[in-house]
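Order of the sequence lines fixes the chain letters, A, B, ..., with proteins taken first and strands second; residue numbering starts at 1 for each chain.
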There are 2 protein chains.
Amino acid sequence: MTEAVRRQTRQQAAVLAALDAAAEFVSAQQLHSRLRDQGASVGLATVYRTLTALAAQDEVDVLRTDDGEAVYRRCASDEHHHHLVCRVCGRAVEVDGPAVEDWAARVSAAHGFRDVRHTLEIFGTCDRC
Amino acid sequence: MTEAVRRQTRQQAAVLAALDAAAEFVSAQQLHSRLRDQGASVGLATVYRTLTALAAQDEVDVLRTDDGEAVYRRCASDEHHHHLVCRVCGRAVEVDGPAVEDWAARVSAAHGFRDVRHTLEIFGTCDRC
DNA sequence: CGCCTAATTGACAATGATTCTCATTTCCGT
DNA sequence: ACGGAAATGAGAATCATTGTCAATTAGGCG
Ligand SMILES: [Mn+2]
Ligand SMILES: [Mn+2]
Ligand SMILES: [Zn+2]
Ligand SMILES: [Zn+2]
């Protein structure tokens, strides 16, 4: 598998900047309109493509809202971790749990599952809401 | 809030039966075509409505595939639990982890989150695949 | 039993997120 | 500057899911 050759474009930089400016998980559509509002207009397809590429490189985290929409966030930690997400304001707290990782590995092995990956998110109402 | 008055219809019975016959997580569309194949044809909208209702009553579990599609499963356990899902054949194993539940409760409380709920699924390749 | 009526159904349209197309523009190594 | 590959974007296409609404049906009541 050959390495992806990636160019430096103002559009991708703008998407990254917009992501960095957001504390919450945001959708591609939201990012697109925020970019449009602040003048740095970027095509919707490009926003989708950039987010997909960033997610593939683990530069951003992705999760699905209850209605299946994909939302993205640039996390402070680049290690594997999970989130505490406020379902009112969208604020996210990064958390990790070694005990959970162990448990997942153990139960996967016990049932003969290979190439495992897991998703774990906690949704609730944060103390500011 | 008034209690929902629910009638007994062949359509809903058929959806439930089709769910019981499936060992894997299936989408509304899949159930719809399976029902059609086996003769017990049920309208697509009705399949969606029935699945939504069943999920609301916790009669079925729902999760989202990587591409955001909702898939449903009638689980043996009616207790809170999680799944080991084969991303090749779709087979699911029900698992639970008290340690995980404790961790989720602890980390939620530590950050002042209320009314918390969590999602946790493990995806991998099962030993038969 | 038949009746009545509200719940349910289903064909079809509408919605909305995501992906595809493809002509045009933009990097970037030479 | 040049050339070609990569990236972009406007719009069309896809596709799961939801809404509409007229026709059907479950089930309580007389
Ligand atoms: Mn983990
Ligand atoms: Mn749990
Ligand atoms: Zn909040
Ligand atoms: Zn399998």
Side-chain angles (χ1 to χ4, degrees), chain A residues 1-19 22 24-57 59-73 90, chain B residues 1-19 22 24-57 59-73 90:
Chain A
M1 180 198 289
T2 57
E3 256 311 297
V5 182
R6 188 146 296 273
R7 289 183 180 172
Q8 185 71 15
T9 67
R10 78 159 177 80
Q11 287 88 343
Q12 296 187 18
V15 170
L16 251 192
L19 271 176
E24 357 76 57
F25 277 88
V26 291
S27 69
Q29 308 270 355
Q30 287 176 309
L31 228 41
H32 177 247
S33 69
R34 288 187 191 184
L35 286 166
R36 162 153 304 173
D37 289 347
Q38 70 185 52
S41 184
V42 176
L44 179 58
T46 299
V47 173
Y48 273 104
R49 281 187 288 241
T50 303
L51 288 174
T52 301
L54 288 173
Q57 307 167 209
E59 289 293 313
V60 299
D61 284 358
V62 198
L63 58 87
R64 300 265 171 188
T65 61
D66 283 332
D67 54 317
E69 196 178 5
V71 285
Y72 304 82
R73 182 173 190 270
Chain B
M1 179 201 292
T2 57
E3 256 312 297
V5 183
R6 189 147 294 275
R7 289 181 179 175
Q8 184 73 13
T9 67
R10 77 161 178 79
Q11 286 89 342
Q12 296 186 18
V15 170
L16 250 193
L19 271 176
E24 357 77 58
F25 276 89
V26 291
S27 69
Q29 307 271 355
Q30 287 176 309
L31 269 179
H32 177 246
S33 70
R34 288 186 192 186
L35 286 167
R36 160 153 305 173
D37 290 347
Q38 71 184 52
S41 185
V42 176
L44 179 58
T46 298
V47 173
Y48 273 103
R49 281 186 290 242
T50 302
L51 288 174
T52 301
L54 288 174
Q57 308 167 210
E59 288 293 313
V60 299
D61 285 359
V62 199
L63 58 86
R64 300 266 172 188
T65 61
D66 284 332
D67 54 317
E69 194 179 6
V71 285
Y72 304 82
R73 183 172 190 272

In the 5'-to-3' direction, what one-character label does each nucleotide of nucleotides 22-30 of chain D receive under the scheme B = base within less than 4.0 Å of a protein heavy atom, S = sugar-phosphate only, - = no such atom?
---BBS---
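For A/Gln57, the CD atom is densely surrounded, since the number of other residues' heavy atoms within 6.0 Å is greater than 12.
Here C/dT19 presents its P atom at 12 Å from CG of B/Asp66, a figure rounded to the nearest Å. Rounded to whole Å, atom P of C/dG16 lies 11 Å from atom CD of A/Glu69. Following rounding to the nearest Å, B/His32 (NE2) and D/dC15 (C1') show an atom-to-atom distance of 15 Å.
Only A/Ala45, A/Thr46, A/Arg49, listed by number, bring a heavy atom of residues 44-56 of chain A to less than 4.0 angstrom from any atom of DNA chain D.
When the nearest nucleotides of DNA chain D are assigned to A/Gln12 and B/Val71 by heavy-atom distance, the more 5′-ward of the two goes with A/Gln12. Toward the 5' end of DNA chain D, the nearer of the two residues B/Ala70 and A/Ser41, judged by each one's closest nucleotide, is A/Ser41.
For the pair B/Val47/B/Gln11, no side-chain contact is recorded, criterion being any heavy-atom separation below 4.5 Å from C-beta on. B/Phe25 is listed as a side-chain neighbour of B/Leu63, based on a closest heavy-atom distance under 4.5 Å. The closest side-chain heavy-atom distance from A/Leu51 to A/Leu19 is below 4.5 Å.
Nucleic acid contact class of A/Gln29 (heavy atoms, under 4.0 Å, all strands): base.
Side-chain atoms of B/His32 come within 3.5 Å of backbone N or O of B/Val42 as a donor-acceptor pair. Judged purely by atom type and a 3.5 angstrom limit, A/Gln12 has no side-chain atom pairing as donor or acceptor with the backbone of A/Thr9.
To the nearest 0.5 angstrom, B/Arg36 atom CZ is 13.5 Å from B/Leu31 atom CG.
A salt bridge does not link A/Glu59 to A/Arg6: none of the charged side-chain nitrogens sits closer than 4.0 Å to a carboxylate oxygen.
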